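First comes the structure, then the notes that go with it.
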Amino acid sequence: MGRGVDIGTFARWRIGAACPKLLWQLSTAITLCAAVSAFGGATLGAASVPRVCSEETPLADSRLGRIKTLEDYHPFHPPQNLAEWEGRSEQVRRQMLVALGLWPLPTRTPQKAVVHGLVDRDEYTVERVYLESFPGHFVTGNLYRPKSGPARKPGVLCPHGHWAQGRFYDAGESGLKRELDNGWEKLPCGARYPLQARCVHLARMGCVVFHYDMVGYADSVQIPHRPGMRAEMNTSENWGYFSPQAELHLQNMMGLQTWNSIRVLDWFSSLPDVDAQRIGVTGASGGGTQTFILCAIDPRPLVAFPAVMVSTAMQGGCTCENACYLRIGTSNVEFAALFAPKALGLTCANDWTKEMPTKGFPELQQLYSLFEASDRLHLAAFLDHPHNYNYHSRLVMYRWMNKHLGLGHAEPIDERRFQPLSREEMTVWTEGHPKPPSGPDYERSLLRWITEDSRKQLEALIPRTGELLAEFRRVMGGAMDVMIGRSLPAAAEIEFEPRFDRSLDDFTWVGGIVRQVKYKEEIPVYVFLPRGGRFNGTAILCVTPTGKEALLQSDGTPHEAVIEALQAGCGVVAMDLFGQGESTLDGQPITRNRLDPKRKDYAGYTYGYNHPLFSQRVHDILTVLSAVRSRPEVQRVYLVGLGGAGRWVAGALTQARTAVDRAVVDTQGFRFRNLTAIDDPDFLPGAVKYLDLPGMLALAAPLPILVAGERESDLEVVRTVYQAAGAPKNLVISAASDLDELVAEAFTFLGIK
């Protein structure tokens with residue numbers, strides 16, 4: 001048995017350095033404890049169920065405020081040293097890959113590239129290209145090749161962004177006049193065809209250039225660019241993009257475009273006339289997003305030039321620039337920073353990037369200075385120009401590519417007149433090269449292939465031996481790290497503030513707030529402790545579907561199971577997870593996830609910047625667990641989730657398996673795959689992809705765990721992983737038919753007599 005501890009010791013919970021205000025609060029609580037004890041302990045009725053929060057001491061939880069959106073301020077906090085950056089950059093890259101549905105990367109299938117329709121322009125040629133990024137899914141574009149120069153030439157990828165018709169963009173006569181009259185363009189051909197101008201002059205400088213389409217633009221005809229949520233695509237099978245099932249598998253348009261870029265880079269770098277060690281990427285606006293995303297996660301590009309996109313302000317307004325989890329705790333500036341110390345050129349204009357010279361770029365400079373690579377970072381500000389990739393911006397880019405791709409041209413570099421390509425000369429689909437299948441049925445077939453490929457990869461990771469367990473945890477655990485979004489917090493981040501203290505017979509009941517100081521979050525808790533020094537060092541943390549008051553009977557006294565645990569010498573802690581009990585703004589339980597009020601039709605606009613409610617509730621469990629685990633008098637911690645609350649406990653165990661001694665997980669058969677709405681309170685993007693709830697439970701191995709509400713046949717993956725971990729007997733599957741039977745079985749499992 002553990003050493004005894006009375007309530008005076010326990011009421012002094014304060015993790016971290018004590019402050020004068022909190023010492024006063026603790027002193028008050030202890031005085032209250034003595035006063036209550038003098039009355040010999042009151043008998044509580046239903047009307048006197050004590051509350052932790054009041055008008056004088058309301059809940060002060062940052063999560064009750066407005067949610068974050070793409071239009072908010074998104075600063076980048078540079079590291080203090082390179083060692084810190086090494087860990088942070090790895091974490092952010094993994095977050096990006098998980099968010100984009102690329103963790104692990106899909107299977108690289110044959111690309112079957114077709115190059116045809118050569119157009120000769122004296123100094124360079126232009127060809128039409130289509131290749132498969134997934135089987136039957138085509139990336140389309142034009143390949144510009146210099147007609148002279150060395151056998152292997154530098155290459156530049158050019159994603160285009162949200163210009164009308166993309167690669168086919170024609171500003172028309174009015175656009176031509178506007179650009180020339182304002183001095184934003186020098187030549188009529190560049191004013192009318194600015195996207196072609198970029199490619200032509202890079203080719204004239206000696207670069208092989210591939211100008212390729214965003215999904216749904218120009219020749220990319222198989223899926224519309226932003227079809228949005230469609231009722232007919234929201235099905236449990238054969239779903240389409242933007243549906244709840246697509247999000248539960250982390251299938252999004254941004255991920256599709258990013259995979260297109262990766263496969264383009266695979267093909268492009270293998271061309272016999274391209275020097276794979278000297279590849280640059282440049283695009284503006286949405287093409288700028290594609291540029292810094294590709295360059296952040298793929299090590300092959302040498303030079304990046306994302307124009308008019310990187311900023312601490314608006315992060316990208318299109319569905320193709322947003323994905324669940326992508327920017328929680330990070331931003332476009334940090335994504336661009338992941339390219340350090342390689343050559344990163346930027347432009348800003350009189351748009352959302354206008355504050356970049358003072359907000360964002362100085363922080364990038366601090367990072368590059370740590371690498372002693374300040375000469376490889378540049379920002380050109382054109383604050384009297386609108387959103388653009390015009391002549392002046394292109395000249396900056398040409399100089400940047402010239403310097404860092406080693407092109408060797410004398411400066412200044414300028415554009416010359418060129419003969420624009422007609423749409424007929426650019427399009428890849430001709431009579432001899434007909435358009436591929438498109439439409440809803442095609443979209444469903446693509447997602448079926450992606451789903452099946454992912455399933456095969458993840459099932460292949462399920463370890464049959466201990467040697468394979470580490471890789472399973474790396475991939476599955478790495479994904480859960482992103483989806484849950486937090487690990488067990490450090491003790492220094494947690495404090496406890498008692499709010500009331502009552503004595504009942506031979507135990508004491510404390511109510512208070514466990515506070516996550518770093519994130520300004522508060523969790524109301526009840527703490528029940530045996531009196532008279534009978535605490536045996538075992539703390540039982542109880543999670544229920546409705547909160548801490550579920551541990552009370554109708555007359556307001558603790559449930560008999562709580563009394564039984566106290567009589568055995570255990571302490572019991574119950575909590576209101578966010579949205580339960582007192583952890584709400586109006587006293588009403590939170591029953592739906594809040595969505596971005598301006599953009600409710602796509603999950604990525606909300607969960608790309610905010611943790612889902614499921615994750616927030618797991619955070620609360622982790623916070624309380626850290627508070628309890630940190631107490632020196634606590635020797636054992638048992639985590640118990642009853643009445644279906646086991647789903648949140650399972651999430652917590654993915655992050656804190658080693659901080660728990662035993663766990664009871666009552667799932668009531670919950671599965672994420674059964675959710676049909678993106679605002680469901682348990683909606684967790686990616687959960688189905690990563691083997692649903694059994695995948696979470698498998699990550700608990702080898703922790704002794706009692707699982708209830710499940711059939712043995714539904715937990716095969718869990719059983720297999722426990723076997724690989726050398727602890728098959730630590731997984732116990734309950735056959736209890738009701739809650740009372742389960743509680744009795746749980747007491748036996750936990751060793752409570």
Side-chain angles (χ1 to χ4, degrees), residues 70 98-103 106 133-134 136-137 214-216 220-260 316-326 437-455 458 479 482-483 591-615 670-693 695:
L70 62 90
V98 170
L100 297 169
L102 303 177
W103 177 269
S133 58
F134 291 110
H137 183 73
M214 298 171 73
V215 173
S220 180
V221 296
Q222 294 176 284
I223 297 176
H225 186 66
R226 54 178 103 189
M229 192 179 296
R230 294 146 291 168
E232 67 275 14
M233 291 296 199
N234 182 9
T235 54
S236 60
E237 302 289 340
N238 295 322
W239 56 84
Y241 280 110
F242 300 95
S243 66
Q245 282 296 326
E247 299 303 326
L248 287 166
H249 289 81
L250 289 174
Q251 296 165 346
N252 49 69
M253 300 292 279
M254 190 177 190
L256 177 60
Q257 286 197 161
T258 303
W259 184 241
N260 286 351
C318 184
T319 55
C320 80
E321 297 173 283
N322 289 274
C324 295
Y325 306 120
L326 184 63
S438 61
D441 287 342
Y442 166 73
E443 182 178 334
R444 293 187 185 99
S445 71
L446 173 62
L447 292 190
R448 278 199 304 272
W449 191 94
I450 295 172
T451 301
E452 182 64 13
D453 180 63
S454 176
R455 182 192 65 78
L458 291 171
V482 172
M483 292 158 57
T591 59
R592 311 305 295 180
N593 266 291
R594 290 184 296 167
L595 301 178
D596 182 334
K598 294 181 180 178
R599 306 172 183 87
K600 295 183 178 181
D601 60 342
Y602 174 42
Y605 286 136
T606 295
Y607 307 122
Y609 303 88
N610 306 273
H611 295 293
L613 181 57
F614 183 98
S615 300
F670 174 85
R671 290 295 184 272
F672 293 98
R673 66 171 177 264
N674 295 326
L675 305 181
T676 59
I678 64 172
D679 64 348
D680 188 286
D682 284 311
F683 190 74
L684 185 68
V688 179
K689 172 177 180 171
Y690 294 104
L691 308 183
D692 216 296
L693 197 68

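Predicted model only: the values in this text are computed from it and were never measured.
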Note to self: Side chains of F683 and P612, heavy atoms from C-beta outward: is any pair under 4.5 Å?
What the structure shows: no
Checklist line | Considering all heavy atoms, the nearest C318-H225 contact | finding: SG-NE2, 3.4 Å
Item checked: Sidechain-backbone polar pair: Y325 side chain, P685 backbone, donor-acceptor under 3.5 Å -> yes
Check: Do the side chain of Q222 and the main chain of P437 share a donor and acceptor less than 3.5 angstrom apart?
Finding: yes
Next item on the list: Give, for atom CE of M214 and atom OG of S220, the distance between the pair rounded to the nearest 0.5 Å.
Entry: 9.5 Å
Note to self: Between H137 and N260, is the side-chain contact (heavy atoms from CB on, under 4.5 Å) condition met? List the steps.
What the structure shows: CA-CA 9 Å; H137 183 73; N260 286 351; 3.8 Å; yes
Notebook entry, point to check: Between OH of Y602 and CG of L595, what distance do you get to the nearest 0.5 Å?
Noted result: 13.0 Å
Item checked: Minimum-distance pair of heavy atoms, taken over all atoms of H611 and S615 -> CB-CB, 4.1 Å
Next item on the list: Show your working on side-chain contact (heavy atoms from CB on, under 4.5 Å) between E232 and R444 and close with a plain yes or no.
Entry: CA-CA 11 Å; E232 67 275 14; R444 293 187 185 99; 4.1 Å; yes
Notebook entry, point to check: Got a donor-acceptor contact below 3.5 angstrom from the Q245 side chain to the R673 backbone?
Noted result: yes
Notebook entry, point to check: So, E247 side chain and G604 main chain: donor-acceptor pair closer than 3.5 Å or not?
Noted result: no
Checklist line | Over 12 non-hydrogen atoms of neighbours within 6.0 angstrom of CD in E452 | finding: yes
Check: Distance from D680 atom CG to F614 atom CZ, nearest 0.5 Å?
Finding: 11.0 Å
Notebook entry, point to check: So, K689 side chain and Q251 main chain: donor-acceptor pair closer than 3.5 Å or not?
Noted result: no
Check: Do H249 and W239 make the cut of ring centroids closer than 6.0 angstrom?
Finding: yes
Check: Which pair of non-hydrogen atoms, one from V215 and one from Q257, has the smallest distance, and what is that distance?
Finding: N-OE1, 3.0 Å
Notebook entry, point to check: Atom SG of C324 and atom CG of L684: how far apart are they, to the nearest 0.5 Å?
Noted result: 9.5 Å
Check: Okay, side chain of S454, backbone of I450: is any donor-acceptor separation there less than 3.5 Å?
Finding: no
Next item on the list: Take W103 and Y690 through the side-chain contact (heavy atoms from CB on, under 4.5 Å) test and state the conclusion after the steps.
Entry: CA-CA 10 Å; W103 177 269; Y690 294 104; 3.6 Å; yes
Next item on the list: Keeping the roles fixed (side chain from W259, backbone from L102), state whether a donor-acceptor pair exists under 3.5 Å.
Entry: no
Item checked: side-chain contact (heavy atoms from CB on, under 4.5 Å) assessment of F242 paired with M233 -> CA-CA 8 Å; F242 300 95; M233 291 296 199; over 6 Å; no
Checklist line | Heavy-atom side-chain proximity of N610 to R594 below 4.5 angstrom | finding: no
Note to self: Taking P244's backbone N and O only, do any of them form a donor-acceptor pair with T676's side chain (distance below 3.5 Å, no angle check)?
What the structure shows: no
Margin query: Looking at every heavy atom in both M253 and P227, which two are closest together, and how far apart are they?
Written below: CE-CD, 4.3 Å
Next item on the list: Please say which of D679, D596, I678, L70 ends up in a side-chain contact (heavy atoms from CB on, under 4.5 Å) with T606.
Entry: D596
Note to self: For the backbone of T319 and the side chain of Y605, can you confirm whether one donor and one acceptor N or O come within less than 3.5 Å of each other?
What the structure shows: yes
Notebook entry, point to check: Is there a donor-acceptor contact under 3.5 Å linking the side chains of N322 and Y609?
Noted result: yes
Check: Which heavy-atom pair separates A323 from N252 by the least distance, and what is that distance?
Finding: CB-ND2, 3.7 Å
Item checked: Close side-chain approach of N234 to M229, heavy-atom, < 4.5 Å -> no
Margin query: Let me confirm one number: the CZ-CG distance from F672 to D682, rounded to the nearest 0.5 Å.
Written below: 6.5 Å
